[in-house]
Enquirer: 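So that we are looking at the same thing, I have put the structure below in structure tokens.
One is the number of the first residue; the rest follow in order along the sequence. If you're wondering where the values come from, they're calculated on a predicted model, not measured in any experiment.
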Amino acid sequence: QVQLVESGGGVVQAGGYLRLSCVASTRTFSDYVMGWFRQAPGKEREFVAAIRWRGGSEKYADSVKGRFTISRDNAKNTVYLQMNNLKPADTAVYYCAASRNLWSKYYNDKKYAEGSEYDYWGQGTQVTVSS
């Protein structure tokens, strides 16, 4: 069982920035694909970003490309989501997710964007962007 704990959410004005962190309780963190998803009130959960092992494997939703950056520090069991130029439409609860099975099929048919492919989820952290 892997526990994921997110932090870094808050309230920010449009155009501002936040950095989310997610710490995983596993000794084999580098074996997991890590993803960020979000869910706004009244909407379905949507994919935000994913990373397989290290730089060069980052994937993003079109809505955040160029503004958000996902990264990971395998020595600290932590994945980050740097969010710049935030917009009111980014307001949501942000969830960190982990998947071991995705490691082998990460590049297949955008599996990294499917929530059902992830085995473990954090409790979520609220991000509110005011206009």
Enquirer: Report the residues that fulfil side-chain hydrogen bond (donor to acceptor under 3.5 Å, both in side chains) with Ser25, sequence neighbours left out, ordered by chain and then residue number.
Expert: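 Ser25: no side-chain hydrogen bond (donor to acceptor under 3.5 Å, both in side chains) contacts found.
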Enquirer: Tell me which pairs pass ring pair (Phe, Tyr, Trp, His ring centres under 6.0 Å) where either residue lies in residues 109-131, with sequence neighbours left out.
Expert: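 Ring pair (Phe, Tyr, Trp, His ring centres under 6.0 Å) check on residues 109-131 returns Phe37-Tyr118, Phe37-Trp121, Phe47-Tyr112, Tyr106-Tyr112.
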Enquirer: Strictly distance-based, threshold 3.5 Å: is any side-chain N or O of Gln123 a donor or acceptor partner for the main-chain N or O of Val5?
Expert: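 Looks like no, no N/O pair under 3.5 Å.
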Enquirer: Just by modelled atom types, is the Ser7 backbone N or O under 3.5 Å from a matching donor or acceptor in the Thr125 side chain?
Expert: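 Looks like no, no N/O pair under 3.5 Å.
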Enquirer: Can any side-chain N or O of Arg52 pair as donor or acceptor with the backbone N or O of Trp103 at less than 3.5 Å?
Expert: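 Between the backbone of Trp103 and the side chain of Arg52 there is a qualifying donor-acceptor contact (under 3.5 Å).
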Enquirer: Is it true that Met34 and Leu102 fall in one hydrophobic cluster, defined by side-chain heavy atoms closer than 4.5 Å?
Expert: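 In one cluster: no.
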Enquirer: Is it true that Lys87 and Asp90 have a side-chain N and a carboxylate O under 4.0 angstrom from each other?
Expert: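 Here Lys87 does not pair with Asp90 in a salt bridge, since their nearest N and O are not under 4.0 Å apart.
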Enquirer: Is Leu20 linked to Val12 within one hydrophobic cluster, defined over Ile, Leu, Val, Met, Phe, Trp and Tyr using a side-chain heavy-atom separation of less than 4.5 Å?
Expert: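 Linked, Leu20 and Val12 end up in one cluster.
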Enquirer: Within the distance-only criterion (no hydrogens, no angle test), does the side chain of Asp73 pair as donor or acceptor with the backbone N or O of Ala75 below 3.5 angstrom?
Expert: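 Flag set: sc Asp73 to bb Ala75 pair under 3.5 Å.
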Enquirer: Return yes if some donor-acceptor pair links the side-chain N/O of Arg72 with the main-chain N/O of Phe29 below 3.5 Å, else return no.
Expert: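 Judged by distance alone, yes, a pair lies under 3.5 Å.
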Enquirer: Output every pair passing ring pair (Phe, Tyr, Trp, His ring centres under 6.0 Å) with a member in residues 60-85, not counting sequence neighbours, ordered by first then second residue.
Expert: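 Every candidate ring pair (Phe, Tyr, Trp, His ring centres under 6.0 Å) pair involving residues 60-85 fails, so no pair, neighbours aside, qualifies.
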Enquirer: Any chance you could lay out the side chain to side chain contact (heavy atoms under 4.5 Å, CB included) test for Arg38 and Leu81, step after step, and finish with the verdict?
Expert: CA-CA 12 Å; Arg38 67 186 182 186; Leu81 186 68; over 6 Å; no
Enquirer: Any side-chain heavy atom of Gln126 within less than 4.5 Å of one from Thr91?
Expert: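 Yes, close enough: below the 4.5 Å cut-off.
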